[in-house]
Amino acid sequence: MRLVLEKRAEASGRMAILSPVIAIALTLITGGIIFALRGLNPFSALYVFFVEPLTTSWSIEQLIVKAAPLAMIGAGLAVSYMANVWNIGAEGQLTAGAIVGSAIPVFFPEFQSPPTLALMLSLGVIGGMAWAAIPAFLKNRFGTNEILTSLMLVYVIQLALDWLVRGPWRDPKGYNFPKTIAFSDWQLLPQFQLLPPSVGPIYINLGAIFAVAAVVALAFMMGRTLKGYELRVQGIAPRAGRFAGFSREKTVWFCFLLSGGLAGLAGICEVMSTVGQLQPGISPSYGFTAIIVAFLGRLNPIGALVAAFALAISYLGGESAQVALGISDKTARVFQGVLLFYILACDSLILYRLKIIGRTPGPAEAKA
Amino acid sequence: MDYLLEALHVTKVFGTLKANDGVTLKVKPGEIHAFLGENGAGKSTLVKMIYGALQPTSGEFRWMGKAVTIPSPAAARKLGIGMVFQHFSLFEALTVAENIALAMPGAFDMKKLSGRIARVSRDYGLPLEPTAVVADLSVGERQRIEIVRCLLQEPKLLIMDEPTAVLTPQEADQLFITLARLASEGCAVIYISHRLEEVKRLCHNATILRHGKVVANVDPTRETAASLAKLMVGGDIHVVKSAREDQRGATRLKLDRLRLSADGPFAVELRNVSLDVKAGEVVAIAGVAGNGQSELFDAVSGERSLAQAAMLLIDGKPMGHDGVNARRNAGAAFVPEERLGHGAVPAFTLSQNVVLTRHSSDGALVKSGMVSSGGASGVSQRVIKDYDVRKGKPDPEARSLSGGNLQKFVVGRELDRRPGVLVINQPTWGVDAGASATIRQAIVDLARQGSAVLVISQDLDEIFEIADRIAVISRGQLSEAYPASDLTPEKIGLLMAGAHERKEMAHAARA
């Protein structure tokens, strides 16, 4: 008896929807086994990890805070990956955006008006784009592998950030802590009340609105416009893309600038809200987790929004598991890794069907 | 032991499709046995089961009278069944002997093996130099490696899948002598081909398949090509009417000393290619595969840009620097050889594939950057109706169509634009007789309405059926285009082997 993957005539629409669900189910089972091996009750541990974060209005606020950057970056990456452009360095572009946008409060702390906000956000986008432009240029000019260059540049910019906040940009009154001055007023994102206090007050900041706007705009672009058509063709049939007269170089530029700009926006939004100043460790690896978001969301911007919430839960669950169960918050990373593994594995079910073949050895084989 | 191989009521089911339905046939030792049928008739499925690559759903095979299961190609080779595939599996950077050594089971002595290769290839009239590197060899020589590889295992049955599709007429003649000699020594040959004349000439027996069933078993020497074709298709085949009147107009497509460097170690460099295609005529470029046809297509379509704008003129306008869309907007249309992945996106529906080549030239498809799915589906429905594209769903994915139907769609998508210049590479490659006739007729009709048509093809029958003038490409050089009526297959064969190259060189030396 053996298992065989048999190619389907057409992609299965049912499996395209089911595959992330199966992947999540398998992740939960694997997670339960890991908890059980550590001597914990798997059911209560999974409850603490995945359900408890959804039970209070405060934690729902936190969920949105975590999901917004994941959705924003994930949607940009989904578009790039769809076009077969592999930007793995969103974490670096996020950092670059945060640094460039923070130049305003660092150099002009007294500059306080609505344009401050707009300028910081624009500089965040430009910073992310500039950092993403490096692997795009190297790929088009020298044919370097963008997976390696974009990933390596993450560590370069993180070290640059470290140097800045320990050196020239350090807050002189900050007791030598590696951070800039605290941002204030127009240097921070405004907050909005999402639900009335009677239901339970839930506040969101401007970043969440940007995330939703980006997701909707990219979904429209991929679904309806010629640009989206071009990106999809380049991704699944590059030779046909050339035949259609689409330029591969332009696509590489477009994808890197788009996904880098969104990552930069997410970065500046983080320092302008949750963190409130520039310091090392502004992001709990949002840029890397967003890669999982893009795949879990089936490389579809709307899907990335949904997937961002799933991954945001794993962040919160990691924190509460640390408190309630006394296990390392690195468990969240294990879950994320396991999830990505299962997503990629389950994706083969869209184009292939699993068959079990039982066979009896024939005389020719028996002889052999 | 009367029969070497018998298939008894063999059925193979893929999903809901019966690729082979109760096939029964018998092959005697020393017999050259043709399998005939249109694409999709089930020939490949049948030989793949004989070669152990597929397992029958029901029915059985008998080998020398005994029931056998053939679980894998390795088991088939052990029984004495060899197969030469249409697409070779050779490493271009290795030598002939090294390539053969890779397929030999167990340990061997390289020197002895080289000696055996030289002896076997000489004995069977397949001259091969064991130390030659495959990349330097012609397609015909590469095929010899595959055949010698099988012969070294001393097969009792040799399966050949469309062996002459890639050969010049002279190379094919040589192959027939080899096969006849093998048969006289008692080795049976299963011979798959679409070329009925050669089946008549070579084969002792022919089994004809249609829709997975055996419809006839005949002696091909007693049939005519027309009667064999009728059995394959199950009806009469449309004869292309070309109305060859001399109504040639102005030059619409002109190639002027076109050069293009090779873009890879095994690619072909185009040298001084010149050709005029006039309104109202079909010009065909004949040649053996891999002599620069795909490079020429890329250069003419604009997928690769040319060094000088004046190397390519469309309606008198120099367009060598322009991309594929600018050339389309100037009234040209292109159909590449490879349908899936080049001419069409496999995972896209037919209406989405309409946008691929028409987004720039067809204003109704893209409005202010947005794709009009209504417009695309309108065009797609029209093409499907006009060119008789048969499909299961209203708007299926391109990859779910059969080769012939997808080809009709890909050709129809361009013809539907009424292009002034049509360039088409291998218009009916792997397409069955019925669909081929539809496509060829449409090409001829387009030319007669005043367009210039350039056809690149390896199928001489097709070329003689539709072309007004014929040029031959060999090693990146194009011969003069001769009127079709002045040429014979033999003459073309000489040109394919490079007869015009010397003249070109002499010409260049004089210049």
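Remember, predicted model here, so these are calculated numbers, not experimental data.
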- Message: Would you say NZ of B:K18 has more than 12 non-hydrogen atoms from neighbouring residues, nucleotides or ligands within 6.0 angstrom?
- Response: no

- Neighbour count above 12 (heavy atom, 6.0 Å) for B:K12 NZ: yes

- Item | Smallest separation among heavy atoms of B:P346 and A:A237, with atom names | CD-CB, 4.2 Å

- For B:A347 and A:I236, which heavy atoms make the closest approach, and how far apart are they? CB-CD1, 4.0 Å

- Hey, which of B:E337, B:E338, B:E303 is the one that makes salt bridge (charged side-chain N to carboxylate O under 4.0 Å, His left out) with A:R239? B:E303

- Task: Please determine, among A:A240, A:G241, A:G228, the option with the most heavy-atom pairs under 4.5 Å with chain B.
- Result: A:A240

- Note on the structure: Checked A:S247, A:G245, A:A244 vs chain B; the most non-hydrogen pairs under 4.5 Å come from A:A244

Part of [X] lying under 4.5 Å from any heavy atom of chain A:
| X | answer |
| --- | --- |
| B:F297 | side chain |
| B:V366 | side chain |
| B:R328 | side chain |
| B:F348 | side chain |

- Message: With a 3.5 Å distance limit and no angle check, can you tell me whether A:Y229 reaches the backbone of B:L356 through a side-chain donor-acceptor pair?
- Response: yes

- Query: Can you tell if the side chain of A:E230 reaches within under 4.5 Å of the side chain of B:H359, non-hydrogen atoms only?
  - Reply: no

- Inter-residue atom distance B:N325.CG - A:F246.CZ, 0.5 Å rounding: 7.5 Å

- Message: On the six-membered ring of A:F243, is B:R339 placed so that its NZ or CZ lies under 6.0 angstrom from the centre and within 45° of the ring axis?
- Response: no

- Query: Between B:G323, B:P336, B:S301, which shows the greatest number of heavy-atom pairs under 4.5 Å with chain A?
  - Reply: B:P336

- Task: Using the side-chain contact (heavy atoms from CB on, under 4.5 Å) rule, take B:V355 and A:L226 through it: C-alpha gap first, then chi angles, then the decisive distance, then the call.
- Result: CA-CA 9 Å; B:V355 182; A:L226 185 62; 4.1 Å; yes

